[in-house]
J.: 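For reference, the structure I am asking about is given below.
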Amino acid sequence: MTIAYQGIGIHSTRAIALGPALVDSRSLATVGHVEISDEQVPAELERLERAIDAARGALEAVRAQIPTQTPQNIAEFIDTHLLMLEDAALVEEVRRIVSAERCSAEWALQQQRDTLVRIFDEMDDPYLRTRRDDVEHVVHQIQSFLLGDSPEPRLPEHDLDGHVVVARDLTPADTILLHHRGIAGFVTEFGGPMSHTAILARSLGVPAVIGVRNITRYIEPREFLVVDGENGTVLCDADDLTIAHFRDRVRAAEARQHRLRRLIGRAARTRDGIAVGLQANLELPEDVETARANGAAGVGLYRTEFLYMNRLDLPDEEEQFASYAAMIEGLGGIPTTIRTLDLGADKDSAAQPIEPSGNPALGLRAIRLCLKEPALFRPQLRAILRASALGPVRLMLPMVSGVREVLTVRHLIEELKRELSAEGLAHDPALPLGAMIEVPAAALAAGAIARHCDFLSIGTNDLIQYTLAIDRLDDAVNDLYDPTHPAILRLIRMTIEAGRARGIPVGMCGEMAGDARFTRLLLGLGLREFSMQPGALLDVKEVVLAADTSTLQRRTEALFARLDEADPQDLLAALNTD
């Protein structure tokens, strides 16, 4: 009898893994409070240092095993954990606790781990909230050496090829090592869709299902598993017919990937001749290679706030200019949209502390913070203006809620252009300025905002959350997170029509743009610029090439006539049926 377990599916180029289970036998160590004497403190601190050094050595050994042809962003996951081993917020505070409270290093480490996890859990930003996993992983590395154990999964030294690893959790280092040892996929009890382990699994093309509670208790070693990373399902004791079905899906997916790769270099144009811009969302200059490899026509969103995170000082104008210049050079002339920093409240910088907000999502952040702190904003605007002389660049403002913010930034930009000209620094005098439409107020005022912008971009992630009052990472309500809710579709159409009326382009850079299920719907609404994670570009392009926009527009109009009564899935089915 087939038994199914449900979790969160993780997949990219591969969605399904089949193979015998290898169960990681590690268990969470119980750490109790152990008092030490004054005389024992120096020895305990030395023991802590040895454990930190051992953890550093283990991570460096993993990094050394990464093949040179592996994309740079893979190694950066290990670099993040190496940097945390030097972070005063972690190690220095543990040293202080040992000395001040006269306790064992294990107990001090556990106390500081609990403190940091609470801080991350209170953050509103979903990406930063999942950084608690990094704290857990680094603490586990140190704790393992303190307890005389190995931090690596307890798995056979050989013969991992084609197996499915089942574990409580996997660190990025575990994931990289297991990938190079040929595992078919993995299943974990913990983890979220934006954790580093999940991101790594997508980057490496390893099918996975995470967040399956207590799965290590139920799976026997060598039990044959089917891991469906597309639907987040793990099957055990599947019959031959079910296994044959999934093997057929694997073969079909491989054939589809081969077919999609042939779309690279082909113009994104619909059957009725409408050109569609398919662009990439980037977070780091190192992501440029992936975007170009997947045929991105440009960058619709470059997030800049990560230049400000995890550091004790603010990046100055020259550092920012160098980062933007490297990205523009790597893109080789395709257009780039740089978003000004979305820092504030939930994304705090140690060098730019912000007063805590009762509701960080609605607090001082993004363009509101920038306009309130010109010393923070001006260097970034100057750096972007200077970078605009190196290639086609657009500047985009996050969290805009009305016209006044756009006009204020326009005046500031004109002032900075005069400064740069006086200093003899090159810049694009006609740098296009756009606004992100990601709060309901901006969508409702899109017509007025469009009069003062050169383009608009719809940020669906926040637009959906703010409109429906739903945190999509909250298990209690995330089933209500619905991109096809009538209110969302009306706000999207309203924004697109506002841009069309003013003759300016309207794009979309939220996750909805990279979900091929919604491509026909968005084309029918009139969207002609999509920006997404680079790995989704070819999936969306395939739909675009097969679409007829005139037919989709007629169908969409008919659907809007019964929008409030229709089931969202029926709407999508009607549009996605040829």
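The residues of the chain are indexed from 1 along the displayed sequence. Only heavy atoms go into these numbers, but all of them, side chains included; no hydrogens, no water, no symmetry mates.
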J.: CZ/R63 to CG/L59 distance, rounded to the nearest 0.5 angstrom?
T.: 11.0 Å

J.: Taking the side chain as C-beta and beyond, is there a heavy-atom pair between T336 and L331 under 4.5 Å?
T.: yes

J.: Nearest 0.5 Å please: distance from the CG atom of L390 over to the CZ atom of F321.
T.: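 It comes to 5.0 Å.
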
J.: Testing L538, L263, L278, L260 for side chain to side chain contact (heavy atoms under 4.5 Å, CB included) with N294, which one passes?
T.: L538

J.: Do M508 and F530 come close enough that some side-chain heavy atom pair is under 4.5 Å?
T.: no

J.: Test your reading of the model: is there a side-chain donor-acceptor pair from H163 to the backbone of D161, 3.5 Å cut-off?
T.: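 Checked: pair present.
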
J.: Heavy atoms, side chains only, cut-off 4.5 Å: are R113 and E136 in contact?
T.: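 Sidechains of E136 and R113: in contact.
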
J.: Could you pull out all residues at least two apart from F246 that satisfy ring pair (Phe, Tyr, Trp, His ring centres under 6.0 Å)?
T.: none

J.: Just by distance, do the side chain of T304 and the backbone of R339 share a donor-acceptor pair under 3.5 Å?
T.: yes

J.: How close do A173 and I78 get, heavy atom to heavy atom, and via which atoms?
T.: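 Taking A173 first and I78 second, the nearest heavy atoms are CA-CD1, 3.6 Å.
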
J.: Kindly write out the residues that satisfy ring pair (Phe, Tyr, Trp, His ring centres under 6.0 Å) with Y218, not counting sequence neighbours, or none if the list is empty.
T.: Y5

J.: Using a strict cut-off of less than 4.0 Å between a Lys/Arg side-chain nitrogen and an Asp/Glu carboxylate oxygen, indicate whether R56 and D53 qualify as a salt bridge.
T.: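 Counted as a salt bridge, because a side-chain N and a carboxylate O are separated by less than 4.0 Å.
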
J.: To the nearest 0.5 Å, how far apart are SG in C236 and CD1 in I219?
T.: 4.5 Å

J.: Looking at L18 and V226, what are the two nearest heavy atoms and their distance?
T.: CD2-CG2, 3.9 Å

J.: In Å and rounded to the nearest 0.5 Å, what is the CZ to CG distance from R168 to N214?
T.: 8.0 Å

J.: Would you check if L301 and I338 make a side-chain contact, meaning some heavy-atom pair closer than 4.5 Å?
T.: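 A side-chain contact under 4.5 Å is absent here.
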
J.: Under the side chain to side chain donor-acceptor pair (under 3.5 Å) criterion, do Y324 and E329 qualify, and how do the steps go?
T.: CA-CA 9 Å; Y324 306 148; E329 180 182 0; over 6 Å; no

J.: Please report the closest heavy-atom contact between A21 and V166, naming both atoms and the distance.
T.: CB-CG2, 4.2 Å

J.: Hey, is the main chain of E319 close enough, under 3.5 Å, to the side chain of D316 for a donor-acceptor pair?
T.: yes

J.: My understanding is that only residues two or more places apart in sequence, or in another chain, count here; which of them pass salt bridge (charged side-chain N to carboxylate O under 4.0 Å, His left out) with E101?
T.: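 E101 satisfies salt bridge (charged side-chain N to carboxylate O under 4.0 Å, His left out) with no other residue.
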
J.: How far apart are the closest heavy atoms of A198 and I10, and which atoms are they?
T.: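 Result for this residue pair: O-CG2, 3.5 Å.
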
J.: Would Q320 and L307 count as a side-chain contact (heavy atoms from CB on, under 4.5 Å) if you check the C-alpha gap in whole Å, the side-chain angles of each, and the deciding distance to 0.1 Å?
T.: CA-CA 8 Å; Q320 294 184 67; L307 282 168; 4.2 Å; yes

J.: Can a salt bridge be assigned to the pair D539 and R256 using a cut-off of 4.0 Å between side-chain N and carboxylate O?
T.: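 Result for this pair is yes, salt bridge flagged.
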
J.: Taking salt bridge (charged side-chain N to carboxylate O under 4.0 Å, His left out) as the test, write out the residues that go with E317, two or more places apart.
T.: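 R382, R386.
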
J.: Is any side-chain N of the basic residue among R303 and D342 closer than 4.0 Å to the acidic one's carboxylate O?
T.: no

J.: Is there side-chain contact between L537 and M532, with at least one heavy-atom pair below 4.5 Å?
T.: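 Yes, their side chains come closer than 4.5 Å.
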
J.: Please test M436 against M399 for side-chain contact (heavy atoms from CB on, under 4.5 Å), starting from the C-alpha separation and ending with a verdict.
T.: CA-CA 6 Å; M436 283 190 73; M399 266 313 260; over 6 Å; no

J.: Look at the side chain of D515 and the backbone N and O of R517, then say whether any donor-acceptor pair between them is shorter than 3.5 Å.
T.: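 Pair found, side chain donor or acceptor close to backbone of R517.
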
J.: Give, for atom CG of D24 and atom CG of D169, the distance between the pair rounded to the nearest 0.5 Å.
T.: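 So the gap between those two atoms works out to 10.0 Å.
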
J.: With a 4.5 Å cut-off on side-chain heavy atoms, are L22 and V164 touching?
T.: no

J.: Are L376 and L341 side-chain neighbours, meaning at least one heavy-atom pair lies under 4.5 Å?
T.: yes

J.: Whether the side chain of E223 engages the backbone of E220 through a donor-acceptor N/O pair (distance < 3.5 Å, no angle test) should be reported.
T.: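 Judged by distance alone, yes, a pair lies under 3.5 Å.
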
J.: Between R47 and E44, is the closest basic N to carboxylate O distance under 4.0 Å?
T.: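 Yes, this pair counts.
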
J.: Passes side-chain contact (heavy atoms from CB on, under 4.5 Å), L85 versus V138? Steps please.
T.: CA-CA 7 Å; L85 290 172; V138 172; 3.7 Å; yes

J.: Which value, rounded to the nearest 0.5 Å, describes the distance between L178 atom CG and I176 atom CD1?
T.: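 The distance works out to 10.5 Å.
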
J.: Given 3.5 Å as the limit, does a donor-acceptor pair link the side chain of S531 with the main chain of G300, or not?
T.: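 A pair under 3.5 Å: yes.
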
J.: If every non-hydrogen atom of V94 is compared with every non-hydrogen atom of A105, which pair is closest and at what distance?
T.: CG1-O, 4.3 Å

J.: Tell me if a side-chain donor or acceptor on E106 pairs with a main-chain N or O of G32 at a distance below 3.5 Å.
T.: no

J.: Is the backbone of T171 close enough, under 3.5 Å, to the side chain of D174 for a donor and an acceptor to pair up by distance?
T.: yes

J.: For the residue pair Q6 and T233, confirm or rule out a side-chain donor-acceptor distance under 3.5 Å.
T.: yes

J.: Can any side-chain N or O of E254 pair as donor or acceptor with the backbone N or O of R249 at less than 3.5 Å?
T.: no

J.: Output side-chain donor-acceptor pairs under 3.5 Å for residues 182-193, partner residues at least two apart or in another chain, one line each.
T.:
| unit_1 | atom_1 | unit_2 | atom_2 | d |
| --- | --- | --- | --- | --- |
| T188 | OG1 | F190 | O | 2.7 |
| E189 | OE2 | I215 | N | 3.3 |
| E189 | OE2 | T216 | N | 3.0 |
| E189 | OE2 | T216 | OG1 | 2.4 |

J.: Checking H81 now: which residues fulfil ring pair (Phe, Tyr, Trp, His ring centres under 6.0 Å) with it, not counting sequence neighbours?
T.: H137

J.: Locate the shortest heavy-atom distance separating T175 from T197; write the atom from each residue and the value.
T.: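 Closest approach of T175 to T197, heavy atoms only: OG1-CG2, 3.4 Å.
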
J.: If we only count heavy atoms from C-beta on, is the M396 to T340 side-chain gap below 4.5 Å?
T.: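 No, too far: nothing below the 4.5 Å cut-off.
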
J.: Only one of V91, L109, L90 forms a side chain to side chain contact (heavy atoms under 4.5 Å, CB included) with I52, so which one is it?
T.: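 In the set V91, L109, L90, the residue that makes a side chain to side chain contact (heavy atoms under 4.5 Å, CB included) with I52 is V91.
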
J.: Strictly distance-based, threshold 3.5 Å: is any side-chain N or O of R292 a donor or acceptor partner for the main-chain N or O of G330?
T.: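 Side chain of R292 to backbone of G330, a donor-acceptor pair under 3.5 Å: yes, one is there.
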
J.: Do other residues, nucleotides or ligands put more than 12 heavy atoms under 6.0 Å from E60 CD?
T.: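 Atom CD in E60 is packed in, count exceeds 12.
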
J.: Does T115 form a side-chain contact (heavy atoms from CB on, under 4.5 Å) with V117? I'd like the steps, not just the answer.
T.: CA-CA 6 Å; T115 298; V117 164; over 6 Å; no

